[in-house]
Structure formats: C-alpha cells, structure tokens
Engineer: 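Sending over a structure as structure tokens; questions will come in a sec.
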Amino acid sequence: MNQERHITQVAVPRPLRTLLSYTLSTEQQPAPGTRVLVPFGKQYAVGLVMSTATVATDAADNSFMLKAVETILDATPLADPHLLELLQWAARYYHHPVGEVIFSALPGALRKPKPLSSRLQKWLAAPPTCLAAEPNPDGNERLPNTLLLTDEQQQCLHSIQQWNQQTPRRPILLHGITGSGKTEIYLRLIEPLFTAGKQVLVIVPEIGLTPQLLLRFARFFGDTPMACLHSGLSDGERLKAWLQARSGAARLIIGTRSAIFTPAPHLAMIVIDEEHDASLKQQEGFRYHARDLAIKRAQMLDIPIVMGTATPSLEALYNAQTSRFHYVRLNQRPGTTRKPDLHIQDTRPFELQAGLTPHSLQAIRQTLARGEQAMVFLNRRGFAPTLFCPACGWHASCQHCSANLTWHARRNRLVCHHCGAEQATPLQCPVCKNPKLTTQGQGTERLELTLQTTFPAALVVRIDRDSTSRKGQLEDKLSTVRGNDPLILVGTQMLAKGHDFPNLTLVVILDIDQSLLSTDYRALERLGQLLVQVAGRAGRADKPGRVILQTSQPEHPLLHQLVGQGYTPFARQLLEDRKRWHFPPFGYQALIRASSTASMEKALQFLEHISQRLLTIDSATIQRLGPIPAPLEKRANRYRAQLLLSSQQRAALHAALHQLLQQATTLPGRSGVRWSIDIDPIEFS
DNA sequence: AGCACGCCGACT
DNA sequence: GTCGGCGTGCTC
C-alpha cells in the first residue's frame, strides 16, 4: 500500500549522538527551529525540530515504529536555519551530542514544555524587519564619525574598513596595547551599521567587564536598543534579552561566551573583545571556544569579524603571520608619552617582608608619598596555601582531592580551592596533638594584612573572589579605587581585566615562579599575557607607570625577552618552540579525559584501551601522548587521567575520533569510568 | 539525562 | 522467601 507520511527530525536535550524521527499529522507543519513536545521513552521531552520531510511508506523501512509529535510548542521557530546550521556544525566539530549543543545555546527557560507567555510572544509576533538603510546622496555607505580619534586610530579604522570591503573576507586581528583605544575602534565600526538598521554582536570574556563596556556603548549610541546576556541574569531576563535579539529589536548585543549563539536576523558584524582570554572557552560539558565559533558564524554569514586584544593568542598571531587574518596594530596610548617601565626583581638575595623585597616596599612607599596608587598582584586567594605541623610534618589536605587546603583567616576555615569543601581549622595537629600549627606561603588575604601592618596609615583594598562575593562589593571597591586617593590595591587576576585606574602608577607582581617552571606548554603564553595585561594597569594620562616583577628565576630567557623586547617577540619565540614540537597552531590536538571513583588505574586502563583502539583506527597520522594521570590527580573524589592526541591533519584526527565514538559502547574497561573529549584543549589540569 | 531491567546481599 | 543496591542499555 502506497502511503505518505510526514516525518520530523528532532533534537532532544539528552546525550544522544543522533536526531530522533517522529511522525506529524498532515495539519502540523513546524518549521525547523520550532520547539515540540515529544514522547521519549516512558517520559516526554522538549525537542527542537531540525528538519521535516514527507516520505513514502511503501518501502520496508518500518524497522521500528515511529512515535508522533505530541505538541507543537511554538507558532514561530525560535532559531533560524543559519543558527541551526552553526550548531550542527559545532556538534560535529566538538564531537558533542547534538541535542545538548542545541539546548545549551537556547535560554534555559525554553527547556520547559511551555509556550511563551503572551507578554513574550510579542517578540515573535512581528516578522523581523530591517529598517532600510538611508542611502547617502552619493550612494556610498555612511562613514563613521572620526572626530576625536588619534591619527593612529583613524588609520586603523580606515584599514579595517578597507579590508571589510574586500572578498573573500578575512577575520581581523586588532592588536592594540592597553589604553590604545580598541573600544573606540569598535564603536566607530559599529556606528554606521546601526544607522542602517543592522545588528552587532560583541563578545566579552567576563561579566566583570560588561557593566563598564555597556555604559561606554550606551553613552556613545544613546537610545539604540541593546541586549545584554551574561551569567548574572535570571532565567526571565535572559529569555527577554534573547528574544529582543531574536526579533531584531535589540541592535547591539553584548554578552559572554554563550552569547555567540544569540539569534540576530540582521547581524552585520561580530566583535570579540580580549580574543586571547581563556574564559572564551567553555571548560565543561560542551567545550566550545566562543572565538572560534564566532569566526565560523561570521564566515557562514559573510560578515566582518574583529578580534581585539593587547596580547594576541599564539593561534591568532600565527593566523596573522600566515595571512589568514588581517592584522592591525595600535601602539600608542593617547595622552601618555611613555610605556610603563618594566623591571625584574630577583627575590633570592633578600629577606622578604610581606612577600615583598625591600626594593618593592620602597617603591610602594614612594608611590603613596606622591599621592598615587600601588597595586600588588598575587594570583592566590586565601591567607596561606598550606597549614602544617612543624613537629611531625602533617599537612592539611583535602579528603576529596590531591591538594592542600588553603587557610582562610577571616573565616578561620580550611578551604579546598578545587572542590570547594570546607572545614573548621583544627586546634591541634590531628596526628601528634601539637597545638602549634604553622602556615606556609601567602595568599591575598595575608598580603592585605601584612601590607596594612607595614603601611599602617595607608588604605589597603583587596579585590578577589572572597572579598567581592557579596552583591555590590566589587563595585564599591572599584569606585573607591577610582576615587584616586592614594592606596594599596591587592588582588588576584580579577584585577588584570579591563579596569581603568587613572591614579595607579605602580604594579608589583608576586610569585610567577610556578608558571616559569610549569610543564604545561601554554603556561608561558598565559603568563606573558597576564604580565602584559596587569602591567597595562599602570600609568595613565600624564603619569608614567612602573612595573616590578618579583621572581626567583630572574635569568629565565623568555622572561627577559618579554621584559626587554615586548610581547610580540616573546610570542614569536614561543611560536618557534611550538613549531619544533608540532604543537598548536602547527598541529591539532584533542584531549581525552577519564575519571573513576575507584582508582587511578581504572581511568588509566580505560584510556589505554582507547589508545590501542586509535592505533588500529589510524596509526600513521595521530600521535598519542599518555595516558598519564592529570596534574591534579584526584578531584572531588574522582581519580583523573588524560590522553593527549595530536595530528598534523585536523581531518584525520576528527575522523578517528568519530570512529572511536561509534565504537564507544564496546570499549573495554568503560564501566565506572566517566570520559569526555576536549577538542583544541587549552586547559590541562 | 532519566528510567527500567536484572542479578546478588540483609531483612520482615 | 522478598527489598533494594547500582551496573547496563535504551530512548524515534
């Protein structure tokens, strides 16, 4: 019997690597991107329609009975075909279940099997319209307002606009030193697009940056409608912002990494701010890199993408060198004559006070005396990273992780910075009952205290996760610093990002030795970026800045190169090393992680089986490093191991991983082991 | 991710 | 004899 039936392919938010097929009745015609409620096992699931088709059922394809779509939840699709294509591409590229990818890109509120409220439906009701651009009399596109730009900024802007007219288009890397006015360039690039009714997506690494940047945009663009998407929003706020972007009403969309998936029917440009920043890569579940997906999205839409940073990632620099990216520099700080003076301070000959050398202390004293501000940067929270017994050598370590507990003085608690576990500080050594326990090393909390003791008359302000956890606390502290009264600022890498402190003229950086000695091949790149970013906080306007780098490895050649010649030669040297070892960007990597609650052996053995399987899949083009225990061997009661795969050919690596995943359910030793694939890994801990 | 099925230890 | 532990497998 020849019959036709209507079929739809649906993505459900479950760890499935396939789409599921459901039947539709003839009157149901959901477009791709529409949410549907579908029967799923014994339950129901919210799914997203990926495609529909009408097929003949005469063929003997009834290998199983299809179930029918239960309810169509949306009258209008939520995602457009372009976005669905991007998400399906991402699912393949990152080897992640397609439904999880798709639903991680939608606001969480849309996972509920409910139609949108009528209040929100208005954003869907009107078909997106694009205001017609008002053509200039001479037919040219509107030019940006270049008033108040420096010559260098004008040239930079001009270059970018020239490139954006060329085909094929290439991503643009805007390498501008701190304070050189990258935001000013973004604003001028965006301006003419808004007047043509277009939308622009700006991705920033962290929420901490968003209010300031948003304010800057708001001031520049006046009442241009904006949507802001970041982790601090409630479900309702997020959905509303998302729908405003989706409707085309919000012209400027600013958000953190997941905002790269925001639908925007009139998207005309993407800006990635702080391109090098590691927080652009998601570090759990669907491990995507927002920068790389932004490049893909811009390429698919054939729109410009601009990536700005003071410290380009090695990948970006390499792409610039090989002309895959256009490259433009901003080397000047408007209103400042000199770059900060960078100085390496050997800590070995000195007895440190508050972790600082006499020279550093003297520099702080002088800075305060001039009525200026000093910052001491230490990338470690808490009072002391170790609590130990001097009598028997006992250390306070985490029961759930292979790590020491950090002592927090104010709370008088021992805290694990890896799993979050907390406990009361013991009154005596649990082994030998010695009541005199000692701390070793220092974190920002101790630094704050000792600096306050050393400079009793000075105001000391600490900015780290612990001192800014309450709402408004960070803003209070930042505004204190912006008040420009002399003070000492103490903090972690929270301070390295974006903030502008006009009266800050001295930066002292402590304890970089670990990064210099690290086995992680990305550690030096990150250190270089961090040092340049932190150093960039020093000296603004008419006041020259000064940076002191304390280390017990003052002869480290790359540190010298960084300090002596600057970031770019330093990065070029690192690229040379990467080339020699075929590390990224001269090769492609995937990291397979495995963990077990039972033992390290189980995790290692499972990865060994994977390694053997990959050997049979592709022994010629894929190198396997490991399996080895992860640097943090145990975390939250799980033993962790990893296997690093690398290849000169991206396609071969991906094909092998695809084959591996097809065999995933037959891998020996998988019982009790959790495992995951990280494509283009940047974090190896 | 849930949920059911299934095969081994301590209970009314 | 059953209740329930979580290993394994499936979801159109």
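Below, chains carry the letters A, B, ... as their sequence lines are ordered, and counting in each starts from 1.
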Engineer: How close or far is atom P of dC12(C) from atom NZ of Lys67(A), stated in whole angstroms?
Structural biologist: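 The answer, rounded to whole Å, is 4 Å.
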Engineer: For the pair made of CG in Leu20(A) and C1' in dA1(B), what is the distance, rounded to whole Å?
Structural biologist: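 After rounding, the reported distance stands at 13 Å.
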Engineer: In whole angstroms, how far is the P atom of dA1(B) from the NZ atom of Lys112(A)?
Structural biologist: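 After rounding, the gap between these two atoms is 20 Å.
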Engineer: Quick one: do Glu683(A) and Lys281(A) make a salt bridge, cutoff under 4.0 Å?
Structural biologist: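 No, no charged N to carboxylate O under 4.0 Å.
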Engineer: Please work out if Leu19(A) contacts a base, only the sugar-phosphate, or nothing of the nucleic acid, heavy-atom cut-off 4.0 Å.
Structural biologist: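 Nothing: the residue Leu19(A), judged by heavy atoms under 4.0 Å, touches no strand.
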Engineer: In whole Å, what is the span from the OH atom of Tyr44(A) to the P atom of dA1(B)?
Structural biologist: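 Rounded to the whole Å, the gap is 23 Å.
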Engineer: Ignoring the backbone of Leu66(A), work out which of dC12(C), dA1(B), dA4(B) is nearest its side chain.
Structural biologist: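 The answer is dC12(C), which lies nearest to the side chain.
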Engineer: Write down the atom of Ala294(A), the atom of Ile270(A), and the distance for their closest heavy-atom approach.
Structural biologist: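 Residues Ala294(A) and Ile270(A), closest heavy atoms: O-CD1, 3.7 Å.
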Engineer: In residues 666-676 of chain A, which ones come under 4.0 Å of DNA chain C, going by heavy atoms?
Structural biologist: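 Listed by number, they are Arg670(A), Ser671(A).
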Engineer: Between Arg526(A) and Asp520(A) (salt bridge meaning N to carboxylate O under 4.0 Å), is one present in this structure?
Structural biologist: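 Here Arg526(A) pairs with Asp520(A) in a salt bridge, since their nearest N and O are under 4.0 Å apart.
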Engineer: Sub-3.5 Å donor-acceptor pair from the side chain of Arg640(A) to the main-chain atoms of Arg635(A), do we have one?
Structural biologist: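 Judged by distance alone, no pair lies under 3.5 Å.
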Engineer: Would you mind reading off the distance between Lys42(A) atom NZ and dC5(B) atom C1', rounded to a whole angstrom?
Structural biologist: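 That distance rounds to 10 Å.
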Engineer: Under 3.5 Å, sequence neighbours excluded: what are the donor-acceptor pairs made by side chains of residues 85-92 of chain A?
Structural biologist:
none

Engineer: Is any side-chain N of the basic residue among Glu315(A) and Arg522(A) closer than 4.0 Å to the acidic one's carboxylate O?
Structural biologist: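 The answer is yes: the pair qualifies as a salt bridge.
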Engineer: Remember a base hit wins even if backbone is also touched, and classify Pro39(A) as base, sugar-phosphate or nothing at under 4.0 Å, heavy atoms.
Structural biologist: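 Touches sugar-phosphate only.
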Engineer: Grab the CZ-P distance between Phe40(A) and dA4(B) for me, whole Å please.
Structural biologist: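 For the pair Phe40(A) CZ and dA4(B) P, the rounded distance is 13 Å.
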Engineer: Under 4.0 Å between any heavy atoms, over every strand shown, what does Tyr22(A) touch: base, sugar-phosphate, or nothing? Just pick one.
Structural biologist: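 The answer is sugar-phosphate, as Tyr22(A) gets under 4.0 Å only of primed atoms, P, OP1 or OP2.
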Engineer: Does Arg381(A) pair with Asp464(A) as a salt bridge, N-O distance under 4.0 Å?
Structural biologist: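 No, no charged N to carboxylate O under 4.0 Å.
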Engineer: To the nearest Å, how far apart are His96(A) NE2 and dA1(B) C1'?
Structural biologist: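 His96(A) atom NE2 is separated from dA1(B) atom C1' by 11 Å.
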Engineer: For the pair made of CZ in Arg14(A) and P in dG2(B), what is the distance, rounded to whole Å?
Structural biologist: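 Roughly 6 Å, once rounded to whole Å.
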